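This report concerns only the one structure given below.
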2 protein chains.
Amino acid sequence: MPKAPVTRNDVAEYAGVSTAVVSYVVNEGPRRVAPETRERVLEAIRVLGYRPNATARALRMGTTRTFGLITPDGGNPLFAELAKAIDKEASARGYVVLQTSADGDPVTEQAKIAELLIRQVSGLLLVAPTEDPDLTEVGIPVIAINRVLPSVSSVRPQYRAGARAGVKHLIEHGHRMIGLVIGGRGTGGRAPERELGWRDALRQAGLEDGPIARARFSRQGGYDAGRELLAATKRPTAIFASSDLQAVGVLRAIHESGLRVPDDIAVVAFDGTAETEYSWPPLTVVRQPLDRMAREAVSRLIDGEDAVQSLTYPTDLILRRSCGC
Amino acid sequence: MPKAPVTRNDVAEYAGVSTAVVSYVVNEGPRRVAPETRERVLEAIRVLGYRPNATARALRMGTTRTFGLITPDGGNPLFAELAKAIDKEASARGYVVLQTSADGDPVTEQAKIAELLIRQVSGLLLVAPTEDPDLTEVGIPVIAINRVLPSVSSVRPQYRAGARAGVKHLIEHGHRMIGLVIGGRGTGGRAPERELGWRDALRQAGLEDGPIARARFSRQGGYDAGRELLAATKRPTAIFASSDLQAVGVLRAIHESGLRVPDDIAVVAFDGTAETEYSWPPLTVVRQPLDRMAREAVSRLIDGEDAVQSLTYPTDLILRRSCGC
DNA sequence: TTGAAAGCGTTACCAG
DNA sequence: CTGGTAACGCTTTCAA
C-alpha cells in the first residue's frame, strides 16, 4: 500500500493557512510571510514529511533545472571523468544532470536527444556527438563538448597546440622518428587537429613525418595500432597517441614485443585521465582541462549566452616516465 | 526569442479534433480512433513539430519513468561500467536514468537522494551507499547495489565465493604465502566478505594467513598497500587485491621495486573492469557480473517485487597473465 | 499579511 | 468513435 504522497494542500490544511502561503515559505518568496505563520508552516512540513513535487513545479515554471548529458560511451574513462566534472559543476549550481550514453551510434544518439527533450531538460550537453543532429529548433541551450558543430557553441581543449606541445617534448628528448596513433579507422571518428599538431611539431623541427596508424579510440584500437607501428619498416623511436585509451593499448603492444618504455620507445598520450598515472610506466600526457571545460559548458547553459562560439582551452603537459623524463 | 513550444492544444486545433483524440493517438490508447482522424492528427504533429511534455504527463500520471542512480564516485571505472549497464538496461525498458555521484560523502549522498526524490523518480538505485539512509518512507522502490542495507533489497556479486576462487587459483599455482589488499583504512569502507573468501581459501589449503594491507579503494591506496606488503618481513609471493583500482596500484608498486609479475609476485584482482585487460601484465580477475546485476536491479524496480531480499550473483574467474597462467 | 483562483500540458472519465 | 472537462501539484497575480 504505497501511502499517498503528502501534497502542499495537506500542509496548508495542517497549518491552517492557504496553499499560497506554503508556497511563499517553501520558496522564500515572492511574498514575505509573518514569522509566526512561517513557523507553523515549517512545523507542518516537518511533521507531515512534505516534499515539493518538482514535476508540478516544472510544469508551472517551464523549467526543470535539469540538464541532459549525452556521451558516446559511458565506459570510456575520459567521458566518465568529464561527466563527473559536469555533474559536480551542475550540482553546485542547483541543477541535476540526466546522463546517458549513445553507444557511439548516431541513431541512438538522436533518440536519446528526443528522450531528453520531452523531459523538458533545461539544456543539453553533447559530448563528442557523432553526427550533427538538428539542433536549431530545440528551444533550449545546447553545447557541444570536444567537437565543434555548425549550429551550436562548443567547448574543447586546444587539440592542435596540445598535440604540438606533446610531440615537441618528445623531440626535445632527441627523438627524430615519431609515430602517430590516431582515429580514423572503424568507428571513433578522426582527430584532424591532433594530427595537425603532431605534424606542426615535426615541421618546426625540420623532421619528416613518422608512420601513422589509424585505429579506433579504444584500448584494442591502440594495441592494433601499436603492433602496426612496431612492424613498420622505419620503426619509430617514439609514439604520440591521440588518446589515453590508445596509449594504454600501445603500451601493451610494446611490452609484448619485449621492447622497453621509454628506453627503446617513448610514448606520450593525449587526454590525461587518472588511469595514465598508474600504467607502466606512468604516461606522460597532454591533459585536457576537463574541470574548466565543464565549468564553462555549464555556465553557458545557465547564463544563456546565445552567440554561437567555439571556445578552446589550453592543455597541460604532465611529465611522467613514459617520455624518458 | 524562444519560440513558444507547441502543445497538444495546437495539434488538436490544427487537426480539427479535441485534445483527447490527440492523446489517444499519441499513446495508442486507451481508446481507438478512426484511421482517417488518426492520419490527420499524425500529420498535424509532423507539421507543427509537436513533442509531448513529459513533465505534464508525469504530473498527471504520477510516474516519470525515470530512475535515480547514485554512485559513490563517477570517476571509478567499476561504477562507470555499472552505470553504463544500468543505463542500457533501463533504456531498453523505456526508462531514463538520472545519474549522479555522491563523492563518497554521506551528507552529499543524502542530499542527492532528496534531490532525486523531489523530481519524482520512479525508483532509486544506490551503488555502495556509505551510510544507511532513511529509506523506509520514500514511497518508491529502492535497491542497493554492491552493499546490503537493512531496509531495502540488494544485489551484489558473490564476494566471498569469488574471492575464494581467486585465491584458490593462486594456491593452485603453488603459492603458499598470499597477501591481501583490502579496504578499511581511510574512506572507502571495508570488504569483509572478500576478506573471508581469501581466508577460506587459505584455510582449505591448510595455509596460514598472509600479510594484510588495508587501504582505500583507489589506485593510490593500492600503491601504498603494495609497498607495505613488499616491505613486510614475510614478503608474499602472491597478492589478492580486493579491487581493480588497488590491483593497478599494487602493480605499480611491484614494478617500481624491480620485481616481476608474475615471476616474482603473482597478482589477482576482484572486479574485472576493462582497464585490467590492458595493464601490464594483464590482470587475472574475478569479474563482477555487472550486466546481470544491472538487469536484475532494474527489473526489480520496474516489476516492483516488494519483499526485501538480498540477491547475489556468481562471479567469473578470468585468467590472464598476472597469476602465472 | 494572507486567500482565491487561474493556468501550466497532460490523461481519462463521462457524455454524446 | 469523438468531444468536453476535471484533475494532477504547483506558482503567482489579484483582491481582500
Side-chain angles (χ1 to χ4, degrees), chain A residues 2-42 44-45 48-66 117-122 139-140, chain B residues 2-42 44-45 48-66 117-122 139-140:
Chain A
K3 51 206 307 269
V6 175
T7 78
R8 201 209 32 188
N9 254 304
D10 303 324
V11 175
E13 193 170 336
Y14 185 96
V17 298
S18 80
T19 58
V21 175
V22 179
S23 190
Y24 301 151
V25 172
V26 170
N27 305 323
E28 298 180 339
R31 290 272 181 288
R32 282 183 50 83
V33 356
E36 185 212 345
T37 317
R38 181 187 153 77
E39 251 341 293
R40 275 219 314 287
V41 172
L42 255 18
I45 288 176
L48 300 177
Y50 168 70
R51 293 194 177 290
N53 180 326
T55 68
R57 176 173 226 269
L59 177 57
R60 176 64 225 243
M61 307 275 278
T63 172
T64 52
R65 290 184 81 82
T66 298
L117 286 179
I118 69 169
R119 280 177 160 82
Q120 312 299 113
V121 291
S122 309
I140 54 169
Chain B
K3 51 206 309 269
V6 11
T7 79
R8 202 207 33 180
N9 252 308
D10 303 325
V11 175
E13 192 170 338
Y14 186 97
V17 299
S18 81
T19 59
V21 176
V22 179
S23 188
Y24 301 151
V25 171
V26 170
N27 305 324
E28 300 179 339
R31 290 272 183 290
R32 282 185 50 83
V33 358
E36 186 211 345
T37 317
R38 181 185 152 76
E39 251 339 296
R40 274 215 319 285
V41 173
L42 255 18
I45 289 176
L48 301 176
Y50 166 71
R51 292 193 179 292
N53 181 329
T55 68
R57 176 171 226 269
L59 176 57
R60 178 63 229 241
M61 307 273 280
T63 173
T64 52
R65 291 184 81 81
T66 298
L117 286 179
I118 69 170
R119 282 178 160 82
Q120 313 298 114
V121 291
S122 311
I140 54 169

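Worth saying up front: this structure is predicted, and the values here are computed from it rather than measured. Each chain gets a letter, A, B and so on, in the order its sequence line appears, and its residues count up from 1.
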Task: Non-hydrogen side-chain atoms of A/T7 and A/T19 separated by less than 4.5 Å - done: no
Output the rounded distance in Å from [atom1] ([X]) to [atom2] ([N]).
| X | N | atom1 | atom2 | value |
| --- | --- | --- | --- | --- |
| B/R32 | C/dA12 | CZ | P | 18 Å |
| A/L59 | C/dG7 | CG | C1' | 9 Å |
| B/Q120 | C/dT10 | CD | P | 18 Å |
| A/N27 | C/dT2 | CG | P | 16 Å |
| B/R40 | D/dT2 | CZ | C1' | 11 Å |
| A/N9 | C/dA4 | CG | C1' | 12 Å |
| A/M61 | D/dC8 | CE | C1' | 18 Å |
| B/N53 | D/dC8 | CG | C1' | 13 Å |

Which of the following nucleotides, [options], is nearest to the side chain of [X]?
| X | options | value |
| --- | --- | --- |
| B/P52 | C/dT10, C/dG3, D/dC1 | C/dT10 |
| A/V33 | D/dC10, C/dG9, C/dT2 | C/dT2 |
| A/R57 | D/dG3, D/dC10, D/dA7 | D/dC10 |
| A/A56 | C/dA4, D/dG9, C/dT1 | D/dG9 |
| B/A20 | C/dA12, C/dG3, D/dG9 | C/dA12 |

Just N and O in the side chain of [X]: are any of them under 4.0 Å from OP1 or OP2 of [N]?
| X | N | result |
| --- | --- | --- |
| B/T19 | D/dG3 | no |
| B/T37 | D/dC1 | no |
| B/Y50 | C/dT10 | yes |

Using a 4.0 Å heavy-atom cut-off across all strands, classify [X] as base, sugar-phosphate, or nothing.
| X | result |
| --- | --- |
| A/V17 | sugar-phosphate |
| B/T55 | nothing |
| A/S23 | base |
| A/A34 | sugar-phosphate |

Task: Residue pair A/T66 / B/R119, side-chain donor-acceptor N/O under 3.5 Å - done: yes
- [ ] State, without any angle test, whether A/T64 and A/S122 hold a side-chain donor-acceptor pair at a distance under 3.5 Å.
- [x] yes
TODO: Take B/I45 and B/V26, measure what side chain to side chain contact (heavy atoms under 4.5 Å, CB included) needs, and give me the verdict at the end.
DONE: CA-CA 9 Å; B/I45 289 176; B/V26 170; 4.0 Å; yes
Open item on the list: Using a distance-only criterion (donor-acceptor N/O pair, under 3.5 Å, no hydrogens), is the base of C/dT10 paired with the side chain of B/Y24?
Closed with: no
TODO: Could you say whether B/S18 or A/A54 is positioned toward the 5' end of DNA chain D, judged by the nucleotide with the nearest heavy atom to each?
DONE: B/S18
Open item on the list: What verdict does the side chain to side chain contact (heavy atoms under 4.5 Å, CB included) test give for B/V21 and B/R40, after you've listed the backbone C-alpha separation in whole Å, the side-chain angles of each residue and the deciding distance to 0.1 Å?
Closed with: CA-CA 11 Å; B/V21 176; B/R40 274 215 319 285; over 6 Å; no
- [ ] Determine the minimum heavy-atom distance between B/V6 and B/L48, stating which atoms define it.
- [x] CG1-O, 3.3 Å
